[in-house]
Amino acid sequence: MAAPRHVYLIDGSGFIFRAYHALPPMNRADGTPTNAVYGFTSMLIKLIEETGADHVAVIFDKGRRSFRNDIYPDYKAQRPDAPEDLVPQFPLIREAVRAFNVACVEMEGFEADDLIATYARQATEAGAEVTIVSSDKDLMQLVSDKVGMVDMMKNRSIDAAAVVEKFGVPPDRVIDVQALAGDSVDNVPGVPGIGIKTAAKLIEEYGDLETLLERAHEIKQPKRRQSLIEFAEQARVSRQLVTLRDDVAVPIPLTDFAVQKPERETVLGFLEAQAFSSLLAKITARLDADSPQAARAPVEAAYQTVADLDTLDRWIAEAEEAGVVAVDTETDRLDARGAGLVGVSLATAPGRACYIPLAHRAPAGKQQGALFDGPAEAAAERLPGQLDPAQALARLRPLLADPGVLKVGHNIKYDLHVLAGAGRRLTDDGPLTVSPLDDTMVLSYVLDGTAHGHGMDELAELHLAHKTIPFSQVCGKGKSQISFAEVPLDQATAYAAEDADITLRLYQLLRGRLRAEKMTAVHETLDRPLVGVLTEMEAAGIRVDAAVLKDLSGDFARRMADLESHIHELAGREFNLASPKQLGEVLFDEMGLKGGKKSSKTGAWGTGAEVLETLAAEGHDLPARVLDWRQLAKLKSTYTDALAAAIDPGTGRVHTTFSMTVTSTGRLSSSDPNLQNIPIRTEEGRKIRQAFVASPGHRLISADYSQIELRILAHVAQVEGLKQAFADMRDIHAITAAKVFGKQPDEVDSGLRRQAKAINFGIIYGISAFGLAAQLGIDRGAAKRFIDDYFEAFPEILAYMETTKAFARKRGYVRTPFGRKCMTPGISEKNPNLRGFAERAAINAPIQGGAADIIKRAMIALPGALVEHGLKTRSLLQVHDELVLEAPEDEVDAASEVIRATMEQAASLDVPLIAEVGVGASWASAH
DNA sequence: ATCATCACG
DNA sequence: GACGTACGTGATGATA
């Protein structure tokens with residue numbers, strides 16, 4: 001047997017407790033809780049697969065007593081019993097270890113930590129490297145250049161530097177610090193009044209515990225000196241308690257830890273019994289990949305490069321036969337709308353896929369027989385072995401449009417743009433239409449929310465245990481990146497066909513989860529039909545008047561220059577106004593202004609708008625001017641200049657990309673450029689909206705939901721007072737003010753209304769007294785009283801908040817009124833600060849997400865409703881509670897009415913939905 | 001790549 | 001009793 005080179009020692013007991021607390025409750029069909037088993041098993045798989053360990057063992061505690069109780073009877077005496085839904089998981093976890101054929105050690109009278117210390121010593125003496133898998137601070141004393149620690153749950157490694165950070169001393173002095181500081185959790189007494197900080201300081205000064213205790217009389221602080229003298233013996237006992245034994249007569253030799261392949265049936269049987277379907281899929285795929293059978297029939301053998309029409313027709317016939325086909329397009333650029341089609345891949349069954357290269361060319365500068373560098377075009381020589389793009393697309397067109405064949409893509413919006421463009425450019429029959437369709441990226445998001453990313457590579461790894469060929473492997477990266485068009489056909493097929501193959505396999509897997517996880521309705525009625533709607537909106541774009549932007553940009557630039565010279569004069573020197581660091585130094589170091597705060601992270605002065613506003617209010621001119629400059633700089637760089645550059649020269653319009661799989665609440669996001677954050681709150685900023693204009697002969701229509709989030713709150717929390725106010729079409733903030741401040745509605749002035757409005761917003765955000773106080777500029781006591789009065793006026797809201805939090809704690813997610821899952825990571829955090837964050841997010845998610853669901857329903861219903869009324873009006877943008885549309889002048893009134901009605905009827909809640917519609921030549925005048 | 005800042009709902 | 005927070009995004013320029 002080979003000598004150990006890298007030994008992994010897993011602190012089993014420690015891991016179980018952390019997995020139990022970190023993961024939301026899970027149960028088998030028979031009710032047995034399994035969350036800790038799941039966490040443990042995933043960790044074990046990850047460890048076996050991803051590390052170079054040749055020896056692995058899991059070490060457990062056995063029994064509650066150890067030799068330490070003989071030294072000090074109270075050691076770990078106050079440990080509470082394990083939670084009752086954890087107890088039945090202990091035997092399952094040992095079963096998991098056995099199923100994976102991993103060594104497992106426990107020993108009466110010793111803690112797991114002692115066994116780990118012993119094996120670590122033996123391994124290093126045998127010349128091996130050791131990794132301890134644990135986050136237990138008591139094991140940190142073992143860290144050395146040969147022994148590392150890794151925290152699998154936080155995915156970080158703990159080296160000597162991390163130990164110094166934790167204990168203030170290197171690993172070999174940790175026990176001295178622990179002996180002094182004691183540990184209330186383990187009931188190690190230590191020396192009263194000395195914590196880790198002080199202990200580290202003392203040990204650093206005196207070298208070690210014994211020296212310190214001998215020279216305790218030298219200590220200056222009388223109390224500390226007294227303590228150290230009086231409790232010297234207690235410190236020595238504590239040191240014994242925290243010192244790990246590395247000389248235990250272990251029951252299993254280190255050599256028995258050698259990694260062994262698990263028995264297929266045993267592992268699969270175990271995973272199946274626990275109903276760990278995702279792990280089961282992963283392990284099955286891994287075992288299949290490793291089996292000799294798979295080696296004889298490599299998956300690539302089924303990937304075919306299509307070079308003639310007969311072969312293409314056979315693939316199309318196969319897709320027709322299957323009724324489902326995964327489709328992926330390859331392009332010469334990343335940007336979907338301008339990109340040229342380079343090839344198409346299809347998959348008809350798992351492992352069975354093809355690539356149809358259409359526009360590959362010889363790499364630039366590598367043309368054969370070229371004796372001189374010709375112009376770039378000369379290099380763009382079409383490679384042989386490719387179908388004529390127009391001909392191939394003509395064959396594909398009926399398949400893509402066939403109502404009997406489902407086309408599945410991964411982020412299919414991208415492929416739809418590419419195919420539309422290719423159809424328009426390369427054929428006489430116009431854009432290629434794709435229907436019906438589904439999208440594995442969207443499916444993954446509907447099922448798992450933000451629990452993980454939704455890129456194909458990540459999903460293939462997660463669900464299929466398959467590492468895809470990285471794009472960078474075929475195209476390179478950075479400066480030397482080449483276009484996919486320059487990738488040789490064999491490599492292109494390996495990459496592209498794999499993408500289609502993976503897409504199809506993911507589709508089958510994810511599709512199958514919808515029903516069981518009760519997500520079918522959300523997927524089928526909200527997200528899946530929205531894909532096509534968003535594609536249309538992105539393709540439509542919105543007209544932006546470059547001349548307006550240019551004028552604004554010039555105006556902003558002039559005013560910024562004036563402000564800049566004035567500010568430099570006030571500062572007495574020139575500096576980069578755009579640098580918060582330099583500004584902070586000018587304001588607080590050089591000018592000596594008071595009230596600055598250094599950030600704890602970087603030690604830089606904070607110069608945010610709030611800080612500058614306070615200084616400006618105190619009468620300082622410089623910060624006031626900086627605020628003006630900042631506003632203009634923001635508008636110029638982010639909006640006037642960037643938007644002008646984003647105008648597509650082909651359409652004269654700006655085309656954003658909407659993402660459906662980004663947010664934790666179900667909202668969309670917009671990027672490249674972001675058209676969901678165009679300024680409106682200030683007069684100066686609003687001018688930008690004048691540049692967003694309707695096409696000639698058209699008008700922009702802006703329709704936004706009024707108070708949609710408060711209405712959803714009234715509905716989900718069944719708040720009688722709010723429901724009544726909305727039913728009566730009253731001013732909701734004024735009514736809130738009346739109820740909270742105990743006035744008649746006609747006694748509410750604008751100040752009270754403003755405060756009530758802030759409270760209403762706060763409630764939606766999962767209010768805290770601190771946040772409300774900051775918002776209103778009042779003290780926390782007053783804010784607290786407002787909140788109490790609010791909950792008294794609307795008691796159902798408090799109940800809603802509590803039930804929502806409890807639901808999230810139990811399940812790890814919350815649901816919107818339409819069934820969408822929103823993940824709530826951190827909801828069971830021990831740190832009250834982090835937990836608070838998660839709780840507020842959990843309270844907000846059903847409200848924000850419910851509003852997102854409603855506007856999605858309206859967006860899906862709108863195209864049909866407009867067509868039904870014979871209207872050509874089309875949607876352009878969505879800004880969370882607002883839709884922007886473009887209507888021919890002569891149908892503006894009719895369209896406005898259809899839009900209003902469609903939005904208001906998009907959902908039927910216990911409160912009415914109200915949409916307000918405006919019309920104008922520009923977005924500024926329509927809003 | 002990360003931070004600080006600030007635009008939106 | 002202190003901690004330190006309003007919810008959700010994306011783009012920019014500076015800086016490491």
Side-chain angles (χ1 to χ4, degrees), chain A residues 450 575-584 598-613 626-627 629-643 645-646 656-659 662-682 684-686 688-689 704-705 707-709 713 758-776 780 783 787 814 822 824 826 830-849 851-852 855 877-883 923 927:
Chain A
T450 43
F575 66 100
N576 185 354
L577 254 180
S579 161
K581 184 164 170 277
Q582 294 181 33
L583 175 63
K598 286 193 175 182
S599 87
S600 51
K601 264 192 194 142
T602 57
W605 293 103
T607 67
E610 226 167 289
V611 176
L612 299 187
E613 272 159 18
V626 171
L627 282 167
W629 184 90
R630 281 224 181 125
Q631 189 194 14
L632 296 174
K634 180 79 173 184
L635 294 177
K636 183 168 186 297
S637 69
T638 310
Y639 298 103
T640 58
D641 294 353
L643 276 175
T656 186
T657 301
F658 289 107
S659 299
V662 167
T663 69
S664 56
T665 57
R667 271 191 178 181
L668 302 180
S669 79
S670 156
S671 58
D672 301 303
N674 183 353
L675 296 185
Q676 288 182 322
N677 72 345
I678 302 303
I680 192 170
R681 290 175 187 170
T682 68
E684 230 34 79
R686 250 194 316 272
I688 309 264
R689 293 194 174 216
D704 68 293
Y705 279 113
Q707 310 286 1
I708 188 165
E709 294 194 341
L713 174 66
I759 304 176
N760 277 331
F761 268 103
I763 290 292
I764 290 167
Y765 295 152
I767 203 153
S768 72
F770 180 91
L772 183 63
Q775 188 62 39
L776 287 175
R780 267 170 60 181
I787 295 170
V814 291
C822 306
T824 56
K830 268 211 314 267
N831 180 332
N833 192 20
L834 297 178
R835 190 176 61 242
F837 263 120
E839 288 175 345
R840 291 193 296 272
I843 289 166
N844 173 258
I847 301 172
Q848 189 183 112
I855 198 165
L877 301 177
Q878 186 252 43
V879 194
H880 308 309
D881 65 355
E882 173 191 9
L883 294 176
W923 197 2
H927 203 283

Strictly below 4.0 Å: does A/Thr638 bring a side-chain N or O up to OP1 or OP2 of B/dC6?
no
Using a cut-off of less than 4.0 Å, is there contact between a side-chain N or O of A/Arg840 and OP1 or OP2 of C/dC7?
yes
Name the pairing partner of C/dA2, where a pair is Watson-Crick or G-U wobble with both distances under 3.5 Å, or state none.
none
Looking only at side-chain N and O atoms, does A/Gln878 come under 4.0 Å of OP1 or OP2 in B/dG9?
no
Grab the CG-P distance between A/Asn674 and B/dC8 for me, whole Å please.
11 Å
Considering only atom P, compute the distance from B/dC8 to C/dC3 and round it to an integer number of Å.
34 Å
Look at the side-chain N and O atoms of A/Asn576 and state whether any lies under 4.0 Å from the OP1 or OP2 oxygen of C/dA14.
yes
Is a side-chain donor or acceptor of A/Asp881 paired with a backbone partner of A/Asp704 at a separation under 3.5 angstrom?
no
Would A/Tyr639 and A/Lys636 count as a side chain to side chain contact (heavy atoms under 4.5 Å, CB included) here? Give the steps.
CA-CA 6 Å; A/Tyr639 298 103; A/Lys636 183 168 186 297; over 6 Å; no
So A/Arg630 and A/Glu684, salt bridge (charged side-chain N to carboxylate O under 4.0 Å, His left out) or not? Walk me through it.
CA-CA 12 Å; A/Arg630 281 224 181 125; A/Glu684 230 34 79; over 6 Å; no
Would you measure the distance from the C1' atom in C/dA2 across to the matching atom in B/dA7 and give it in whole Å?
35 Å
With heavy atoms under 4.0 Å as the rule, sort A/Ile680 into base, sugar-phosphate or nothing.
sugar-phosphate
If the C1' atom of C/dG4 is compared with that of B/dC6, how far apart are they to the nearest Å?
22 Å
OP1 or OP2 of B/dA7 versus the side-chain N and O atoms of A/Arg681: is any pair under 4.0 Å?
no
A/Val662 or A/Phe770, whichever maps to the more 5' nucleotide of DNA chain C
A/Phe770
May I ask you to evaluate whether A/Arg667 reaches the phosphate of B/dG9, defined as a side-chain N or O under 4.0 Å from OP1 or OP2?
no
Checking all strands, does A/Asn831 fall into the base, sugar-phosphate, or nothing category for heavy-atom contacts under 4.0 angstrom?
nothing
Within the pair A/Ser664 and C/dT9, is there a side-chain N or O less than 4.0 Å away from OP1 or OP2?
yes
Distance check: side-chain N/O of A/Thr665 vs OP1/OP2 of C/dC7, anything under 4.0 Å?
no
Passing candidate, side chain to side chain contact (heavy atoms under 4.5 Å, CB included) with A/Arg667, options A/His880, A/Gln676, A/Gln878
A/His880
Around atom CZ of A/Phe761, are there more than 12 heavy atoms from other residues, nucleotides or ligands closer than 6.0 Å?
no
OP1, OP2 of C/dG10 versus side-chain N and O of A/Ser669: anything below 4.0 Å?
yes
